[in-house]
Q: 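Here it is, the structure in full.
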Amino acid sequence: MQDWIYIIDLVGTFVFAISGVLTAIDKKFDVVGSIIIGIVTAVGGGSLRDLLIGETPVGWMKDFNYLYVILFAVIVSYTYKNHILKLRKGMFFFDTLGIGLFTILGLQKTLGVGLSIPIALMMGVVTAAFGGVIRDVLTNVIPLIFRREIYATACLAGGIVFIGLEQINQYEIINMIMSMLTVMIIRYVSVKKKWSLNVTIIENKKE
Amino acid sequence: MQDWIYIIDLVGTFVFAISGVLTAIDKKFDVVGSIIIGIVTAVGGGSLRDLLIGETPVGWMKDFNYLYVILFAVIVSYTYKNHILKLRKGMFFFDTLGIGLFTILGLQKTLGVGLSIPIALMMGVVTAAFGGVIRDVLTNVIPLIFRREIYATACLAGGIVFIGLEQINQYEIINMIMSMLTVMIIRYVSVKKKWSLNVTIIENKKE
Amino acid sequence: MQDWIYIIDLVGTFVFAISGVLTAIDKKFDVVGSIIIGIVTAVGGGSLRDLLIGETPVGWMKDFNYLYVILFAVIVSYTYKNHILKLRKGMFFFDTLGIGLFTILGLQKTLGVGLSIPIALMMGVVTAAFGGVIRDVLTNVIPLIFRREIYATACLAGGIVFIGLEQINQYEIINMIMSMLTVMIIRYVSVKKKWSLNVTIIENKKE
């Protein structure tokens, strides 16, 4: 079970890093700048959460796998940048999986240091969404999360579903899946209603 | 006395949260985005101070009243958003009260962890002013504090008055009032000279 | 030896503070705003590093000399602002010295808390480059580091040279000089190839 969470955490990191690198390439940043944006997008949310709840050094610094995954994401981004844009549906799926899991990870870590459920929900949203916020601030764009798509709302709903289910049963893995599905359905419906697919990853192009 | 400080701290949080939500509404952010901006504006300065001086988890996470106050501010902002703009004088008064008190709270907390007076003065300014700075960065505006109004100067002057009086007498409450009055007079005179009232809360509209 | 590092650290702080103040003056910030930008540029990178690796209160808060140096930089900036622009070559030299040393300081501090070499290299870049990034974010410019000049690359290369040499010999001071020279040569060549001299300090003027 823990292994499974860990793997999806790395998948989320991978997808977020790609999202950052592609945004940076699109803004004509050089390679180093793009790598920095990739790193920040991937680990920014979790780092901010760790700072606020007092868990330092921040988590990803203590595990090489995060760096490997980000490095791999950079290589993939540059190698397949044209193809990735065509894979939007796949990216959307993994991105949604990533934010769902990041929300739950943030929640659990915050509860683990003894903070309350409302704070844990907020830190879930921070974990899932603030990597993208920092990416947008650094690339001088009003953060997407504030403008379109109910990104934060989806995270929050997923977190509430998870917390709620945890109170009434012991099947953590089922609760996680239900929570993920909540995030996914909310995002899917919201995107559908606007007749456009994903947004997070290539939105900035249209501005 | 402590109760009194605590209450004004909550009032400051309330006013800052309104300021954030109104700015976000004005920028056409959705409800969730506006709430996030409200929270960040209200607790951002204190959080940054807590991070820098090593007091984590940051303070507001340990006390539900801050969340209640912010929630209430969100409701008030949406319900009375048109009226609030007409209440500018009242807002200006509470906002100034808020920054005066936030300055003193920041000062005292920093001295409390054993740091020096100059650092405490800087952390006073950070507490009072950086919630607004983070709000402006997230909404992609050059922070107001750097462009107009002697916001930071007023905080700093208030802090210096407080520290100075603390050296020569024991009447903390009088020292606080004198310090608040300093902040208020400086802001009032500065605003008067420009023939415009408040600024912090609705300034962005004119850009 | 330690004294020597300390002195160059203060020189780096001084040059970075000037860079911040001049950028702010150029943006028509008032005196207080300019001082804040100067402080942030000078201590922002080291502060972010200290936060991430869990070394709080952040370093500069515990040593008055950093404040004195920044104060002096502010006075110098305002007094000689027209002359400084003509001294670009000298500024470029000290700025490069500063980032070279900040990289090594960041490296060593991070290794000192038991983190790995790749993380230490990243924290070296953060120390040297993120003061400028925060300055650019606050003045609402896409950070220079992402747009032009191989600033981060130079830091990274200098850090790698230092780490590499540390593995094979004991002459720390020589390793530092080699590392500094690496940073300097990379920046010099990169600037030369674009037929323009420094950029960091006065670039924003042209936008």
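Side chains included, hydrogens not; waters and symmetry mates left out as well; all remaining heavy atoms used.
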Q: Hey, could you give me each pair passing salt bridge (Lys or Arg N to Asp or Glu O under 4.0 Å) that has a residue in residues 153-165 of chain A? Not counting sequence neighbours.
A: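 Not a single pair qualifies under salt bridge (Lys or Arg N to Asp or Glu O under 4.0 Å).
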Q: Checking an interface table here. Which of residues 54-66 of chain B come within a heavy-atom distance under 4.5 Å of chain A?
A: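 So far as heavy atoms go, B:Thr56, B:Pro57, B:Val58, B:Trp60, B:Met61, B:Lys62, B:Phe64 are the residues that approach chain A to under 4.5 Å.
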Q: Against chain B, label A:Leu52 side chain, backbone, both or neither, depending on which of its atoms sit under 4.5 Å from a heavy atom there.
A: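 Looking at A:Leu52, backbone and side chain both touch chain B.
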Q: Are more than 12 heavy atoms, taken from residues, nucleotides or ligands other than B:Met184, located less than 6.0 Å from that residue's CE atom?
A: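 Atom CE in B:Met184 is crowded, with more than 12 foreign heavy atoms closer than 6.0 Å.
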Q: Would you please name every residue forming a ring-ring contact (aromatic ring centres under 6.0 Å, His included) with B:Phe72, sequence neighbours left out?
A: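 For B:Phe72 the ring-ring contact (aromatic ring centres under 6.0 Å, His included) partners, ignoring immediate neighbours, are B:Phe14.
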Q: Compare all side-chain heavy atoms of A:Val137 with those of B:Leu138 and state whether any distance is below 4.5 angstrom.
A: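 Side chain of A:Val137 against side chain of B:Leu138, heavy atoms only: contact under 4.5 Å found.
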Q: Count the heavy atoms of every other residue, nucleotide or ligand shown that sit under 6.0 Å from CD of A:Gln170, and state whether that count exceeds 12.
A: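 No, CD of A:Gln170 has 12 or fewer neighbouring heavy atoms, counting only those of other groups under 6.0 Å.
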Q: Between B:Asn140 and A:Val141, is the side-chain contact (heavy atoms from CB on, under 4.5 Å) condition met? List the steps.
A: CA-CA 7 Å; B:Asn140 207 22; A:Val141 171; 5.8 Å; no
Q: What part of B:Ile35 gets closer than 4.5 Å to chain A, counting heavy atoms only: side chain, backbone, both or neither?
A: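 Neither part; nothing is under 4.5 Å.
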Q: side-chain contact (heavy atoms from CB on, under 4.5 Å), that's the test. Do B:Leu67 and A:Ile119 meet it? Break it down for me.
A: CA-CA 9 Å; B:Leu67 292 186; A:Ile119 298 295; 4.0 Å; yes
Q: Assess whether atom OH of A:Tyr78 is packed by more than 12 heavy atoms of other residues, nucleotides or ligands within 6.0 Å.
A: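 Atom OH in A:Tyr78 is crowded, with more than 12 foreign heavy atoms closer than 6.0 Å.
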Q: Quick one: side-chain contact (heavy atoms from CB on, under 4.5 Å) partners of B:Val125, sequence neighbours excluded?
A: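 For B:Val125, the residues satisfying side-chain contact (heavy atoms from CB on, under 4.5 Å) (neighbours in sequence not counted) are B:Ala129, B:Ala152, B:Cys155, B:Leu156.
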